[in-house]
Amino acid sequence: MSAKGTDGFVMLLERNMPELTGEAIVLRHAPQFGAEVVAAARRRLEAADIDIATLPGATPTE
């Protein structure tokens, strides 16, 4: 839930693989997580200029 990206998050973005981040996984399985966790994952990806609509299986913006 931290606003700061982890080393793994940064590395995956540098390699153009945002769909493998923990944040993208949270969005794919949003019903399994609390609303605050999903919102934090969405915010972090959006802050990194990731188009969430392009992530496989990500839930639409609510």
Side-chain angles (χ1 to χ4, degrees):
M1 301 251 314
S2 169
K4 184 175 184 274
T6 63
D7 291 341
F9 179 81
V10 173
M11 181 268 306
L12 287 167
L13 295 184
E14 288 174 348
R15 289 179 169 83
N16 236 2
M17 299 184 332
E19 70 278 3
L20 298 179
T21 62
E23 291 76 4
I25 293 168
V26 166
L27 295 184
R28 274 197 301 276
H29 302 282
Q32 306 302 316
F33 294 92
E36 289 181 17
V37 173
V38 174
R42 187 177 306 282
R43 279 193 304 272
R44 186 176 296 161
L45 287 166
E46 289 172 345
D49 292 325
I50 302 301
D51 182 1
I52 292 172
T54 65
L55 296 174
T59 58
T61 303
E62 296 178 15

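Keep in mind that what you see is a predicted model, and the values were worked out from it rather than measured. These values consider heavy atoms only, across backbone and side chains, with no hydrogens, waters or symmetry-generated copies.
Considering all non-hydrogen atoms of both residues, Val38 and Phe33 come closest at CG2-CB, 3.9 Å. Closest approach of Pro18 and Thr21 over heavy atoms only: O-OG1, 2.8 Å. Closest approach of Val37 to Val26, counting heavy atoms only: CG1-CG1, 4.0 Å.
Summarising the geometry, atom CZ belonging to Arg15 is positioned 11.0 Å from atom CG belonging to Leu13; distances are rounded to the nearest 0.5 Å.
Among the candidates Ile52, Ile50, Leu45, the single residue satisfying the side-chain contact (heavy atoms from CB on, under 4.5 Å) test with Glu23 is Leu45.
With hydrogens and angles disregarded, a donor-acceptor distance shorter than 3.5 Å links the side chain of Arg28 to the backbone of Glu19.
At a threshold of 4.5 Å between side-chain heavy atoms, the hydrophobic network of Ile, Leu, Val, Met, Phe, Trp and Tyr places Met17 and Leu55 in two separate groups.
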